[in-house]
K.L.:
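Dropping a structure here in structure tokens format, bear with me for questions.
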Amino acid sequence: VKALEDLKDIRRDDILMVFPEQREDSKTRLVLETPKTASSIRVISIPPGLARALYQYKLVQEEERKAYEMTGQRYIDYDLVIAHPCGRPMEPRYVLGLFNKLYIDQKLNGSPVTFHSLRHTATTYHLRLTNFDIKTVQHNGGWSSADVPTNVYAESFEEDRKNASMLHEKAFYQSRTTKDMEPDDE
């Protein structure tokens, strides 16, 4: 979402689309811009369950589109994954409101949802699930170097530290007898 006066500050080559205003008195516009960096344009793997969910969502969108057009109004297809039933894009704050409503409806505890918190949580779990495969997480997250996932997201989990300590003990101490641990008399 950009204020109308801020549109002049964006390089014309960086603007893919300025969506039509929703109201005559609107002081902001939704703007689709090119990604910030070349590394932001990437192919990532998604799990089959997510692919099925997206496909099902696309079918729901098609039904919403048909219902909307049956009211005599014209659907405008912007080829968006997340859109209102009329085809227009959803503002980021509206999507966050939906996330927060889901959060409250599910009686979850903690801080309100933000896009950054979603990214942080996903990256943190991705690190854990890949056994801290920094390069994979770096690629999927779109970072040009491993510094961000290493320094920002690779938080040390208390459980992981305890497990590492137990593995260390098992590998080096439990397999040795007390006699093996005594210093040599040489």
K.L.:
With sequence neighbours left out, what residues match Asp79 under salt bridge (charged side-chain N to carboxylate O under 4.0 Å, His left out)?
P.N.:
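Partners of Asp79 by the salt bridge (charged side-chain N to carboxylate O under 4.0 Å, His left out) criterion come out as none, since no residue qualifies.
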K.L.:
Specify the closest pair of heavy atoms between Gly87 and Leu80, including all atoms of both residues, with the distance to one decimal.
P.N.:
O-CD1, 3.9 Å
K.L.:
Would Val18 and Leu32 satisfy side-chain contact (heavy atoms from CB on, under 4.5 Å), going step by step from the backbone distance to the final call?
P.N.:
CA-CA 6 Å; Val18 177; Leu32 181 61; over 6 Å; no
K.L.:
Who are the ring pair (Phe, Tyr, Trp, His ring centres under 6.0 Å) partners of Phe19, not counting sequence neighbours?
P.N.:
Tyr78
K.L.:
Would you compute the distance between atom OG of Ser45 and atom CG of Leu50 and round it to the nearest 0.5 angstrom?
P.N.:
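So the gap between those two atoms works out to 11.5 Å.
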K.L.:
For residues Ile46 and Leu59: do they belong to one hydrophobic cluster (side chain heavy atoms under 4.5 Å, members Ile, Leu, Val, Met, Phe, Trp, Tyr)?
P.N.:
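Ile46 and Leu59: separate clusters.
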K.L.:
List in chain and number order the residues that pass side chain to side chain contact (heavy atoms under 4.5 Å, CB included) with Glu62, two or more places apart in sequence or in another chain; answer none if no residue qualifies.
P.N.:
Lys58, Arg65
K.L.:
Once ring-ring contact (aromatic ring centres under 6.0 Å, His included) is applied, what residue pairs with a partner in residues 52-73 remain, sequence neighbours excluded?
P.N.:
none
K.L.:
Residues in side chain to side chain donor-acceptor pair (under 3.5 Å) with Asp147, at least two apart?
P.N.:
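For Asp147 there are no side chain to side chain donor-acceptor pair (under 3.5 Å) partners, ignoring immediate neighbours.
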K.L.:
I'd like to check the salt bridge (charged side-chain N to carboxylate O under 4.0 Å, His left out) partners of Glu24; sequence neighbours left out, ordered by chain and number.
P.N.:
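By the salt bridge (charged side-chain N to carboxylate O under 4.0 Å, His left out) rule, Glu24 matches no residue at all.
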K.L.:
Determine whether Thr114 and Ser117 satisfy the following criterion, side-chain hydrogen bond (donor to acceptor under 3.5 Å, both in side chains), listing intermediate values before the conclusion.
P.N.:
CA-CA 5 Å; Thr114 65; Ser117 68; 3.3 Å; yes
K.L.:
Hey, are the side chains of Ile76 and Arg74 touching, using non-hydrogen atoms and a 4.5 Å cut-off?
P.N.:
yes
K.L.:
Is the backbone N or O of Asp133 less than 3.5 Å from a side-chain atom of Gln138, with the two atoms forming a donor-acceptor pair by type?
P.N.:
no
K.L.:
Does a salt bridge link Lys66 with Glu69, judged by any charged N lying under 4.0 Å from a carboxylate O?
P.N.:
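No, no charged N to carboxylate O under 4.0 Å.
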K.L.:
With sequence neighbours excluded, tell me which residues meet side chain to side chain donor-acceptor pair (under 3.5 Å) with Thr130.
P.N.:
none
K.L.:
Once you round to the nearest 0.5 Å, how far does NE2 of His126 lie from CG of Leu129?
P.N.:
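If I round to the nearest 0.5 Å, the distance is 7.5 Å.
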K.L.:
Tell me whether Leu54 shares a hydrophobic cluster with Leu118, the cluster being built from Ile, Leu, Val, Met, Phe, Trp, Tyr side chains joined at under 4.5 Å.
P.N.:
yes
K.L.:
Using ring pair (Phe, Tyr, Trp, His ring centres under 6.0 Å) as the criterion, list what pairs up with His116, not counting sequence neighbours.
P.N.:
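By the ring pair (Phe, Tyr, Trp, His ring centres under 6.0 Å) rule, His116 matches no residue at all.
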K.L.:
Using every non-hydrogen atom in the two residues, find where Val148 and Trp143 come nearest and quote the distance to one decimal.
P.N.:
CG1-NE1, 3.3 Å
K.L.:
Does Val60 share a hydrophobic cluster with Leu102, counting links as ILVMFWY side-chain heavy atoms below 4.5 Å and allowing steps through other members?
P.N.:
no
K.L.:
Report the residues that fulfil side chain to side chain contact (heavy atoms under 4.5 Å, CB included) with Ile82, sequence neighbours left out, ordered by chain and then residue number.
P.N.:
Met90, Val95
K.L.:
Starting at CD1 of Ile134, measure out to OG of Ser145 and round the result to the nearest 0.5 Å.
P.N.:
11.0 Å
K.L.:
Going by salt bridge (charged side-chain N to carboxylate O under 4.0 Å, His left out), name the residues that satisfy it together with Asp14, two or more places apart in sequence or in a different chain.
P.N.:
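By the salt bridge (charged side-chain N to carboxylate O under 4.0 Å, His left out) rule, Asp14 matches Arg11.
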K.L.:
Got a sec: does the CE of Met166 have more than 12 other heavy atoms crowding it under 6.0 Å?
P.N.:
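Incorrect, the count does not exceed 12.
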K.L.:
Suppose the criterion is ring-ring contact (aromatic ring centres under 6.0 Å, His included): which pairs have a residue in residues 89-110, not counting sequence neighbours?
P.N.:
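Found His84-Tyr94.
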K.L.:
Excluding sequence neighbours, so at least two apart, what forms side chain to side chain contact (heavy atoms under 4.5 Å, CB included) with Arg42?
P.N.:
Ser40, Ile44, His139
K.L.:
Which heavy atom of Gln61 sits nearest a heavy atom of Ala83, and at what distance?
P.N.:
NE2-N, 3.9 Å
K.L.:
So, for Leu30 and Pro89, which heavy atoms are closest and what is the spacing to 0.1 Å?
P.N.:
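Shortest heavy-atom separation between Leu30 and Pro89 comes out as CD1-CG, 3.5 Å.
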